Amino acid sequence: DLAAEQGGQATREEPRSAPTATGFGMEVDAVSPERAQELELPRGQGGAVITRVERNSPASNAGLAPNDVILQVNRQPVTSVAQVTRERSE
């Protein structure tokens with residue numbers, strides 16, 4: 001159960017850190033202050049930005065797309081990539 005917010009158009013293609021696979025058919029990366037500004041997120045917004053979605057995956061079938069920002073997993077707020085992968089595995 002994921003809650004995501006659609007982000008704006010990123011001006012930069014390459015994330016600063018290596019994306020993390022989630023086991024849900026997508027990769028996520030941390031929302032740095034620079035990335036938050038590029039995606040037009042509110043100041044201080046946490047979560048993880050989706051960087052890649054596999055075709056025909058659960059993430060794709062749920063309508064998730066690159067530059068969407070994950071704010072909750074299993075109704076639990078998340079502020080980091082580690083929380084996304086941890087909450088997803090529970």
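Treat the numbers as computed from the prediction; the structure is a model and nothing was measured.
Closest approach of V31 and A36 over heavy atoms only: CG1-CB, 3.7 Å. Taking every heavy atom of both residues into account, R75 and Q72 meet most closely at CA-OE1, 3.9 Å. The two atoms that bring A48 and V81 nearest to each other are CB-CG2, 4.0 Å, heavy atoms only.
For E54, the side-chain contact (heavy atoms from CB on, under 4.5 Å) partners two or more places apart in sequence, or in a different chain, are R52, S57.
Checking each of I50, L64, T51 against V28 for a side-chain contact (heavy atoms from CB on, under 4.5 Å) leaves exactly one that passes, namely I50.
Between the side chain of Q83 and the main chain of S80, a donor-acceptor pair closer than 3.5 Å is present.
Using a 4.5 Å cut-off on side-chain heavy atoms (C-beta onward), R35 and V49 make contact. Between V78 and L71 the shortest side-chain heavy-atom distance does not fall below 4.5 Å.
Atom OG of residue S32 and atom CD of residue E38 lie 7.0 Å apart, to the nearest 0.5 angstrom.
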